[in-house]
Amino acid sequence: MKQYILEAKNISKTFGNVKALEDVNFYLRKGKIHGLLGENGAGKSSLMNILSGIYQPEKGSIFINDVKQKNLDPESASELGIGMVHQEFRLIESFSIEDNLTLSKSNIYQNNFKEAYEKYSEIFSLSVKPEKTISQLSVGEKQKIEIMKLIFNDSKIMLLDEPTAVLTPQETDQLRISLGTLSEEDEKTIVLISHKLKEIREFTEKVFVMKNGKMVAEELSTKDVTDDNLIELMMGNIQKSIIDKSNTPGDTKLSVKSLEYVDKVNNFKILDNINLEIKAGEIIGIAGVSGNGQVELANIISGIEVDYSGKILINNKDVSRRGVRSRKKLNLSYIPENRLGVGLAPGVSVLDNSIVRDYFKTRLGPHLSRSKTENYLESLINKFSIKAPNSKAEISTLSGGNMQKLLMGRELISNPEVIIASQPTRGLDVNAVEAIHNLLVEQRDKGSAILMISEDLDELFKLSNRIHVMFEGKIVKSLNIDDADINNVGLAMAGIIE
Amino acid sequence: MIDIQLIGLLNATLQAATLLFIAALGELITEKSGILNLGVEGMISIGAVAGFMTAINTENIFLAILVGVLSSSIFASIHALVTVILKQDQTVSGLILTILGLALSSLLGKNYVGRKLVTKLESITSISEPTNIVEVLISQNIIFYIAVLLMISTSLILKKTMFGRRLQAVGEDSKSSDSMGLKVAKTQFIATCVGGAFAGLSGVYLTLSYVPYWTDNMTSGRGWIALALVIFGGWKPYRTALGAVLFGFLEALVPRLQTYGFELSPYIVKITPYVITILVLVILTIYKGGKTGAPKNIGVPFFRENR
Amino acid sequence: MNNLKLFKRQTVNELSTFYSFLIGFLIAIFIGSIILLIQDKSPIDTFSLMLRLSVGSINSLSASLNKAIPLILAGLGISIINSVKLWNIGAEGQIFLGAIAVNFIYINTQINSPSIHIFVLLVAGFVGGSLCILIPAITKVVFGVNEIITTLLTNYIVFGVTIFLINGPWKDPKSLNFPAAAYVGEEVFLPTIIGKLSFGFLICILFTILAHYLKNKSVFGFEMRIAGGSAMTAVYAGINAKQKAFIAMLIGGGFAGLAGAIELLSQTHRVSTGISQGFGYTAIIVAAITGMRPLGIFLVGSLFGALSIGGSVIQTIGVSAYIADIIQASTLFGALIIQFFFTYQIKKVEND
């Protein structure tokens with residue numbers, strides 16, 4: 001008897017020195033929605049990437065319908081009916097929706113594309129024409145196309161890697177209904193990866209839990225297991241610290257006045273009348289679904305983006321027309337959302353990346369003496385407990401957490417007065433997240449004014465003194481932390497203000 | 001009189017354009033798959049010498065074309081091996097392909113310098129001295145018509161067929177294409193070899209028809225102009241053809257300028273196509289505001305497990 | 001059942017470039033041997049002859065090192081420009097324009113002190129090389145035009161200008177069949193140090209150290225690395241990436257131009273097509289094979305200089321000089337192939 005449609009046994013995979021997966025077992029029942037729960041970095045994505053043929057495991061075997069698969073690659077996985085929605089979209093941006101849905105050789109609606117598209121557009125409440133180019137779609141729409149792609153490619157097993165990460169709470173609800181329809185009517189076997197308990201509870205029947213590359217719980221029945229139980233499995237004994245917010249803020253360190261930023265090509269306002277004030281010893285959180293102007297706001301405050309109207313004051317000094325460097329000299333630090341690519345330069349050594357903020361200062365120059373820079377890096381490594389193979393190693397050989405610690409350390413070591421931290425913990429494991437949170441709080445207590453942009457509501461609630469919600473370039477809601485809850489912030493994120 | 005000169009100019013334009021266009025079209029296909037091959041000059045050279053040697057030794061013109069095309073394609077597979085399979089830098093590999101191709105063809109062709117072809121590629125009709133435009137168009141040799149055919153079919157394949165869409169998908173976003181189950185390495189490998197084959201055909205055209213003899217470095221930068229043509233054409237076959245005709249016209253016009261009464265040093269006149277190529281590239285880049293139409297993934301080696 | 005699968009190595013051996021070069025060179029010698037065997041020549045005899053005639057005596061050794069000067073200087077220029085991840089395929093043209101600039105200044109100035117005169121002419125060569133890359137640099141930085149194509153095309157333009165000059169305005173009436181400009185006076189010839197070894201070699205050593213400092217020790221070098229690594233990081237760090245790219249290109253072009261000046265003042269003594277024999281192209285191989293490291297460029301440049309001398313002398317026994325080119329190009333191809341095994345590893349996968 002076929003009990004499982006897919007079975008993976010003793011899967012192991014390492015990246016360099018990091019054991020991403022260790023003897024992991026995983027199995028799926030036909031037509032059911034399975035949850036895969038775990039903190040960032042627990043190995044959930046690695047496991048899914050192995051099942052869809054993208055990563056090669058070093059050890060282990062995979063059975064599909066009881067047949068052992070020896071050479072699983074994306075093509076054969078797709079032929080076997082395994083499809084995956086990745087965290088970063090795998091869509092050809094410059095192609096139309098129709099092209100993206102039909103490119104794969106496993107596609108089954110080549111001839112009756114129109115009808116199929118209509119049918120599933122309805123299930124997903126999607127109202128765009130299939131001729132539209134992917135790059136013109138919103139994030140939510142792209143997500144739907146990603147899932148439709150699996151259906152069009154006749155995937156019987158659908159692996160969804162954090163599909164709700166980019167969705168508003170309301171869009172998430174809608175996804176839940178669509179997935180339910182798919183599993184019931186089309187007998188699709190679905191895996192939903194998430195690190196959010198609530199979703200796992202609402203979406204799934206069975207749940208697997210991963211921690212530090214190991215499967216710590218297999219096929220629990222979702223309705224029988226308690227939240228406390230799941231949290232303990234997922235995080236072990238780590239106590240999430242509660243942040244003391246009783247300190248009294250000092251003088252205003254950063255003010256942003258009637259900021260406006262216009263996309264000149266499409267002539268619409270990316271930022272519209274933004275006003276902010278941050279005092280010393282205060283963390284202000286910016287909530288919002290990404291793409292609502294947060295990146296631009298951070299870039300303008302840090303001096304990267306110059307073509308805007310409005311005023312930026314650091315320590316009551318108008319820096320609106322000043323460049324990046326003079327703002328740095330007023331001791332502003334910026335931890336950009338795009339860790340590798342903006343904050344750190346790929347293809348360049350750990351050493352070079354460690355001096356990006358302060359290289360023009362005399363303590364390192366004028367000749368960038370090797371010993372001085374090495375010492376500087378050494379002090380960062382010690383102070384922020386960064387693990388790096390050696391100073392000459394290319395930056396991307398570091399793990400995500402260590403990259404972020406290097407970046408944070410570099411930006412924080414000179415005790416900045418103003419810090420802009422954008423998505424500071426995205427994609428990091430639970431220990432790294434704790435470490436980074438502690439760094440920010442420590443800095444707050446030293447008197448820094450901190451602007452924290454995040455999509456992670458837990459993080460925002462935990463750290464912020466006050467939360468502003470951004471939607472379509474405006475601050476649509478401002479709440480003291482005591483008045484904020486998942487509901488009013490979530491609705492504001494979706495643009496619904498009562 | 002003017003008419004005959006004009007007809008001659010037109011004829012020469014078409015011939016020069018054919019030579020440039022075939023190589024450019026091959027590079028276009030390679031680049032569409034996301035592989036940049038800077039070895040066009042070397043590949044043309046290999047095709048040219050291989051075709052010429054075969055023609056001298058066998059006196060069989062079709063065998064010569066075949067050998068020229070194949071050897072250039074095999075030569076291009078070095079680039080495919082190094083960049084697609086071994087994922088090394090495409091710029092370096094392509095440049096070396098040019099240097100190696102020029103050296104290798106000079107070595108191979110050493111004993112063929114100055115030899116005369118017994119059989120060369122002739123016009124497909126019996127018109128040897130065309131007197132009007134129609135006659136010019138019907139009096140070209142077979143490769144000209146192959147080029148036209150290739151232009152139409154390449155455009156159709158890229159636009160209308162799933163095969164063409166998939167090729168472009170790989171060049172646009174190899175990671176996404178791979179996760180859709182498309183064969184990235186195979187596509188890129190084949191596209192590189194096809195590009196080589198086209199360059200070989202261009203080389204054969206050079207030595208069997210355009211200047212029917214062999215001498216060292218006779219490609220004189222045409223491979224590089226072909227590369228520029230791909231940019232000029234915005235990675236579109238018809239526009240690339242248009243560019244080729246424009247450059248062919250310049251190349252044809254230059255030696256004729258004096259007959260039209262321009263007093264210019266022939267040496268200075270000779271460099272005008274290169275100057276104009278740079279000018280055109282600049283104007284084009286400004287005009288398009290940076291959106292050149294280049295495949296997004298061009299030059300980026302693909303390894304599935306890269307994160 | 002065992003499967004072979006490809007994995008990326010997390011750390012790459014620091015000496016991988018060196019090993020790749022070494023093995024690549026052996027592969028190239030092997031390929032060269034095959035070509036020689038096909039031509040009925042003994043590889044051992046040919047290579048030992050090449051060795052003897054390129055490094056066997058003070059004279060041949062100095063000839064080899066003289067040949068290395070333009071390879072090294074142009075290679076250094078390429079490596080400086082590559083710091084911002086741009087390519088200079090125009091070193092050949094820059095060498096020619098450097099020489100043209102020297103002759104232009106020589107004709108149009110009157111300087112009595114020979115050492116000052118030589119110094120001025122060397123500077124002229126550097127400036128000439130910078131001028132040659134000026135258009136590609138402007139079009140790259142201002143408009144974003146692909147520099148690979150533009151620097152390459154300038155080679156053909158400058159070569160055309162050279163031909164024009166030596167057949168027209170600068171043609172030496174005394175040189176009958178061979179078009180060339182008139183010789184420069186002996187007072188501006190670069191002196192020799194040992195044997196035939198030109199003073200240019202000392203300049204070459206100086207510029208190697210300079211390039212090493214610029215790339216690896218200076219603030220400018222750091223800024224170039226960041227700008228080359230990620231344009232966004234540069235903006236973030238307050239580094240003007242375009243300005244760095246522009247300056248790097250002018251300096252790199254200048255290095256190649258200086259090579260042209262030294263060629264003229266120590267070897268050809270006049271502007272002719274012989275100023276460069278593809279040095280600008282070979283320099284690309286030299287730079288790429290060393291992973292753009294100045295000290296490596298100095299060593300490999302010297303080796304390739306000897307190889308070129310060896311290649312040209314074996315023509316006397318009926319072996320094509322192109323053998324040297326082929327060995328040089330194959331070395332790089334071989335090195336690229338070996339480099340793959342340093343960055344990736346093929347592992348057995350237990351699939352029980």
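Just so we're on the same page: letters track the sequence lines, and every chain starts at 1.
- Your options are C:Thr150, C:Asn167, C:Val161, C:Ile285, and the one with the most heavy-atom pairs under 4.5 Å with chain B is C:Asn167.
- Donor-acceptor pairing under 3.5 Å is recorded for the side chains of B:Ser174 and B:Asn297.
- Between the side chains of B:Thr83 and B:Gln88, no donor N or O sits under 3.5 Å from an acceptor N or O.
- One side chain, C:Gln339 or C:Ser16, offers a donor N or O that lies under 3.5 Å from an acceptor on the other.
- Only the side chain of C:Leu332 comes within less than 4.5 Å of a heavy atom in chain B; its backbone stays farther off.
- Looking at B:Val82, only its side chain comes within 4.5 Å of chain C, counting heavy atoms on both sides.
- Partner of C:Tyr344 under the ring pair (Phe, Tyr, Trp, His ring centres under 6.0 Å) criterion, out of C:Phe341, C:Phe340, C:Phe342: C:Phe340 alone.
- Using a 4.5 Å cut-off between heavy atoms, C:Gln328 does not touch chain B at all.
- If you measure heavy-atom distances from C:Thr139 to chain B, the contacts under 4.5 Å come from the side chain alone.
- Ranking C:Ile163, C:Asp325, C:Ile135, C:Leu152 against chain B, the residue ahead of the rest is C:Leu152, based on heavy-atom pairs under 4.5 Å.
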For this session: List the steps, then state whether side-chain contact (heavy atoms from CB on, under 4.5 Å) holds for C:Tyr156 with B:Ile271.
Result: CA-CA 7 Å; C:Tyr156 291 95; B:Ile271 64 176; over 6 Å; no
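- Using a 4.5 Å cut-off between heavy atoms, C:Ile157 contacts chain B through both its backbone and its side chain.
- If you measure heavy-atom distances from C:Leu6 to chain B, the contacts under 4.5 Å come from both the backbone and the side chain.
- Heavy-atom distances place both the backbone and the side chain of B:Ile278 under 4.5 Å from chain C.
- Under 4.0 Å is where a charged nitrogen must lie from a carboxylate oxygen, and between B:Glu251 and B:Arg222 at least one such pair does.
- For B:Arg256 (side chain) and B:Leu253 (main-chain N/O), no donor-acceptor pair under 3.5 Å exists by modelled atom type.
- Both the backbone and the side chain of C:Leu153 come within less than 4.5 Å of a heavy atom in chain B.
- Using a 4.5 Å cut-off between heavy atoms, C:Ile35 contacts chain B through its side chain alone, with no backbone atom that close.
- Residues B:Glu31 and B:Trp235 bring a donor and an acceptor atom of their side chains to less than 3.5 Å of each other.
- When each of B:Asp89, B:Leu102, B:Ile225, B:Leu97 is scored by its heavy-atom pairs under 4.5 Å with chain C, the top score falls to B:Leu97.
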